[in-house]
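A short write-up of the structure that comes next.
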Amino acid sequence: MPAVTGPNLSLSYGWTPRSGATPGDSGWGGPVTENFRKLDAVSQISVISRTLATPPASPSNGNRYIIPTGATGIWAGKTNQLAVYMDDAWSYYPPRRGWLADVAAETALASFDGSNWVILVAPLPYIDVYNPGTFTLDAGAALTLIPLTGSIQQVGGGWDSGTSKYTPPSDGVYLVEAMIRPIRSGTNSMEADVNLQLGFGVSPADNIDLVAATSPDLLPFTVSFCKPMRLSASASYGIYGKHTGAGSVGFIHGQLKITRLGA
């Protein structure tokens, strides 16, 4: 008699071999191979990405992807399916409600809710960069990007050490903390009664936050701010500074922390 098919993973079971049966009629032969292939494909799912719209040109055996809306080529029309590269070919598995998948590109856990893959648990994107090195800001200069070249801690990527700018991985509300501290004695020091400005934004002309303070006598002096802001994944952000001093001013410290708070 033919094998019975399970309602969840569609695995064949209840085989009852009989004499003279057609090969595979009871679930043995080819169906068994496909069952084990499927077990390998959909058990402990970990996909490389859920946003890659074009199949990779040179996939490796075992590579898995969740096919996004708008996929092209041989993935077209297979939205939300699990694409698995095995034995030099792609196989596709429509998900069932409740399937879970680790998404490596996002360091996140996604669940299929019956219609879409939804991120359940994702670490908050976070960066902490600091140290402007030997950076000095000339007198009379407009708001100028302050490079941050020190140690970098980040989750979710986005920091470009070459440009000293941060591109958020997704639109949302982020907590932005920024500070700069000028040198107060010695070469390129900031004298008293100088106004120092700190900006945060995409460009000097587009600072979405700007704070300023006037330096006291030669005491430790820091300009900083901390506030939630809505940032865009299509923009790159940095910190900017300017001052009203008569000569160039060096910076002993600068720091930028950005943590995602929510959508």
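Numbers here simply count residues along the sequence, with the first being 1.
- The shortest side-chain heavy-atom distance between F221 and P182 falls under the 4.5 Å cut-off.
- Follow the hydrophobic side-chain contacts under 4.5 Å out from V202 and you never reach V173; the two are in separate clusters.
- In this structure, I180 and I146 have side chains that are in contact, with non-hydrogen atoms separated by less than 4.5 Å.
- In this structure, I48 is not a member of the same hydrophobic cluster as W99, with clusters built from ILVMFWY side-chain heavy atoms closer than 4.5 Å.
- In terms of heavy atoms, A235 sits closest to P168 at O-CD, 3.4 Å.
- The closest donor-acceptor contact from the side chain of S49 to the backbone of I66 lies at 3.5 Å or more, if one exists at all.
- Look at E106 and R50 and you find a salt bridge, because one of the NZ, NE, NH1 or NH2 atoms lies within 4.0 Å of a carboxylate O, short of that distance.
- The CG atom of D171 lies 8.0 Å from the CZ atom of R260; values are rounded to the nearest 0.5 Å.
- Atom OH of Y93 is separated from atom CD of Q81 by 11.0 Å, given to the nearest 0.5 angstrom.
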Problem - Working for side chain to side chain contact (heavy atoms under 4.5 Å, CB included), residues I152 and I127 - result: CA-CA 7 Å; I152 298 172; I127 65 164; 5.7 Å; no
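- Taking each heavy atom of L198 and I239 in turn, the nearest pair found is CD1-CB, 4.1 Å.
- T259 has its side chain out of reach of Y174: every pair of non-hydrogen atoms, C-beta onward, lies at least 4.5 Å apart.
- At least one side-chain heavy atom of L196 sits less than 4.5 Å from a side-chain heavy atom of M190.
- Here the side chain of R97 pairs a donor or acceptor atom with the backbone of D113 at under 3.5 angstrom.
- The closest side-chain heavy-atom distance from T144 to P204 is not below 4.5 Å.
- Put simply, CE on M179 and NE2 on H253 are 4.5 Å apart, with the number rounded to the nearest 0.5 Å.
- Residues Q255 and D128 meet the side-chain proximity criterion, which asks for heavy atoms closer than 4.5 Å.
- One finds the CZ atom of R64 at 9.5 Å from the CG atom of D102 (value rounded to the nearest 0.5 Å).
- Nearest heavy-atom pair, G156 versus P169, reported as atom, atom and distance to 0.1 Å: O-CB, 4.2 Å.
- The shortest distance between side-chain heavy atoms of N131 and L148 does not fall below 4.5 Å.
- A 4.5 Å side-chain heavy-atom check between V249 and I183 finds every atom pair outside the cut-off.
- Residue pairs satisfying the ring pair (Phe, Tyr, Trp, His ring centres under 6.0 Å) criterion with at least one member in residues 46-69, sequence neighbours excluded, are listed as follows: Y65-W75.
- If you chain together hydrophobic residues whose side chains sit under 4.5 Å apart, M229 and L261 never meet in one group.
- One finds the CG atom of L256 at 13.0 Å from the OH atom of Y130 (value rounded to the nearest 0.5 Å).
- Here the side chain of H243 pairs no donor or acceptor atom with the backbone of V194 at under 3.5 angstrom.
- The closest donor-acceptor contact from the side chain of T244 to the backbone of N195 lies under 3.5 Å.
- Between the S248 side chain and the T136 main chain, no donor and acceptor come within less than 3.5 Å of each other.
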Practice task
Take I67 and N80, measure what side chain to side chain contact (heavy atoms under 4.5 Å, CB included) needs, and give me the verdict at the end.
Solution key: CA-CA 5 Å; I67 300 176; N80 287 326; over 6 Å; no
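- A donor-acceptor pair is defined here as one N or O able to donate and one able to accept, closer than 3.5 Å; no such pair exists between the side chain of N116 and the backbone of V118.
- From I119, atom CD1 reaches atom CG of L109 across 7.5 Å, with rounding to the nearest 0.5 Å.
- At distances below 3.5 Å, at least one donor-acceptor pair connects side-chain atoms of S215 with backbone N or O atoms of E191.
- Applying the 6.0 Å contact sphere to CD1 of I252 captures no more than 12 heavy atoms from other residues, nucleotides or ligands.
- Side chain of R184 to backbone of L219: a donor-acceptor contact under 3.5 angstrom is found.
- A ring-centre distance under 6.0 Å is found for Y85 and W90.
- Residues T79 and G70 share a closest heavy-atom pair of OG1-N, 4.4 Å.
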Problem - Verdict with supporting geometry, T134 and F251, side chain to side chain contact (heavy atoms under 4.5 Å, CB included) - result: CA-CA 7 Å; T134 58; F251 290 85; over 6 Å; no
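- Closest non-hydrogen pair, S164 versus P147, comes out as OG-CA, 3.3 Å.
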Which atom pairs, donor and acceptor, lie under 3.5 Å between side-chain atoms of residues 52-63 and protein residues at least two apart or in another chain?
from : atom 1 : to  : atom 2 : distance (Å)
T54  : OG1    : T72 : OG1    : 3.3
N61  : OD1    : D87 : N      : 3.1
N63  : OD1    : S60 : N      : 2.8

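- Checking side-chain atoms of S234 against main-chain N and O of S232 turns up no donor-acceptor pair under 3.5 Å.
- Nearest heavy atoms, G245 versus A139: O-CB, 3.4 Å.
- When atom types are taken as modelled, the side chain of K165 and the backbone of L145 share no donor-acceptor pair closer than 3.5 angstrom.
- Residues that satisfy the ring-ring contact (aromatic ring centres under 6.0 Å, His included) test with W117, not counting sequence neighbours, are F112.
- When hydrophobic clusters are built by joining Ile, Leu, Val, Met, Phe, Trp and Tyr residues whose side-chain heavy atoms come closer than 4.5 Å, directly or via intermediates, V155 is not grouped with L175.
- Proximity of the aromatic rings of F200 and Y240 is defined here by a centroid distance below 6.0 angstrom, and this criterion is not met.
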